[in-house]
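Written out below as structure tokens is the structure these notes cover.
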Amino acid sequence: MFALVDVNSFYASCETMFRPDLRGKPVVMLSNNDGCVIARSAEAKALQLPMGAPYFKLKDEFRRHKVHVFSSNYVLYADMSNRVMTTLEDMAPSVEIYSIDEAFMNLTGDRNCRVLEDYKPQANSDALMRVVDGLNQSGKGKLGFAGQGMQKTWAMKREMLSPAYTTRFSDLPVAR
């Protein structure tokens with residue numbers, strides 16, 4: 001059995017993680033050079049603000065609806081993605097990262113499955129759960145499992161990765 005983990009409104013959730021004042025408010029991210037809308041919070045989606053639309057065409061609508069507009073911050077998104085993927089890798093024997101906010105977890109066999117509520121807290125669990133909770137701040141789109149009965153074998157093309165590539169914090173060398 002495989003689980004598909006997908007963080008809803010990932011870029012918007014990353015932006016609001018450190019700005020609790022923006023939670024529940026419409027937020028959009030713009031492409032490089034602030035050209036087009038590339039991500040929206042659930043609140044911005046509810047306003048039917050279109051994806052891919054040029055900023056200059058929506059500027060007045062953003063003002064009217066008090067939409068908070070951000071330039072894309074790929075360093076932040078990569079860092080938050082790494083935190084989520086590391087948490088997932090601690091929970092399952094095999095995780096294949098599909099995109100910045102999606103991964104497939106191999107849950108084959110009952111012995112490999114863990115229910116989130118039964119997951120024993122570790123020293124860093126509170127901090128990691130705050131990250132996950134922040135990403136899922138709206139109450140919708142909690143990290144969830146899907147894809148039961150999938151027949152395709154999912155495999156990342158890892159031949160291009162360095163042999164030292166890891167998303168596990170415990171695998172990183174310690175400098176003393």
Side-chain angles (χ1 to χ4, degrees), residues 3-59 61-63 65-92 95-105 124 127-144 146 154-173 175:
L4 168 62
V5 179
D6 184 358
V7 182
N8 284 354
S9 303
F10 182 68
Y11 289 1
S13 296
C14 290
E15 294 291 350
T16 59
M17 175 74 189
F18 302 103
R19 293 278 312 272
D21 59 304
L22 295 178
R23 292 183 183 161
K25 297 179 182 171
V27 175
V28 300
M29 271 55 56
L30 302 176
S31 62
N32 295 341
N33 300 319
D34 296 339
C36 299
V37 175
I38 61 164
R40 305 163 296 166
S41 66
E43 296 79 11
K45 290 175 187 176
L47 294 172
Q48 298 182 351
L49 299 171
M51 282 289 285
Y55 171 73
F56 76 91
K57 287 186 176 182
L58 296 176
K59 191 168 30 174
E61 191 142 349
F62 289 159
R63 283 191 195 112
H65 292 293
K66 298 180 181 171
V67 176
H68 299 269
V69 180
F70 290 89
S71 296
S72 49
N73 183 347
Y74 298 111
V75 173
L76 171 65
Y77 310 147
D79 178 66
M80 298 301 281
S81 175
N82 186 49
R83 294 178 192 203
V84 170
M85 299 308 166
T86 300
T87 301
L88 297 177
E89 287 179 334
D90 286 343
M91 298 173 69
V95 175
E96 293 297 332
I97 299 169
Y98 183 69
S99 70
I100 196 162
D101 72 330
E102 295 176 293
F104 292 94
M105 297 171 65
N124 61 354
L128 290 172
M129 292 317 301
R130 279 194 300 277
V131 169
V132 173
D133 289 344
L135 291 172
N136 292 304
Q137 41 77 27
S138 69
K140 298 178 184 174
K142 298 240 184 264
L143 290 179
W154 295 96
M156 262 319 255
K157 294 183 178 173
R158 298 195 175 252
E159 62 270 3
M160 299 303 291
L161 293 177
S162 160
Y165 173 82
T166 182
T167 57
R168 292 184 188 273
F169 188 75
S170 60
D171 291 344
L172 295 175

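Just so it is clear, the structure is predicted and the values come from calculations on it, not from any experiment.
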Taking the side chain as every heavy atom from C-beta outward, state whether Asn32 and Tyr74 have any atom pair closer than 4.5 Å. yes
For [X] and [Y], work out which heavy atoms get closest and say how close.
| X | Y | answer |
| --- | --- | --- |
| Tyr77 | Ser72 | OH-CA, 3.7 Å |
| Ala103 | Val95 | CB-CG1, 3.9 Å |
| Lys45 | Ser9 | NZ-OG, 3.4 Å |
| Met85 | Ser99 | CE-O, 3.7 Å |
| Val28 | Leu49 | CG1-CD1, 4.3 Å |
| Pro26 | His65 | CG-O, 3.8 Å |

Look up atom [atom1] in [X] and atom [atom2] in [Y], then write down how far apart they are to the nearest 0.5 Å.
| X | Y | atom1 | atom2 | value |
| --- | --- | --- | --- | --- |
| Phe70 | Leu22 | CZ | CG | 5.0 Å |
| Thr16 | Lys25 | OG1 | NZ | 11.5 Å |
| Cys14 | Leu76 | SG | CG | 5.0 Å |
| Met80 | Asn73 | CE | CG | 11.0 Å |
| Glu96 | Met105 | CD | CE | 12.0 Å |

Within the side chain of Ser31, is there an N or O that forms a donor-acceptor pair under 3.5 Å with the backbone of Cys36?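 Yes, the answer is positive, given that a donor and an acceptor are paired below the 3.5 Å cut-off.
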Only one of Thr87, Asp79, Thr86 passes side-chain hydrogen bond (donor to acceptor under 3.5 Å, both in side chains) with Arg83; say which it is. Asp79
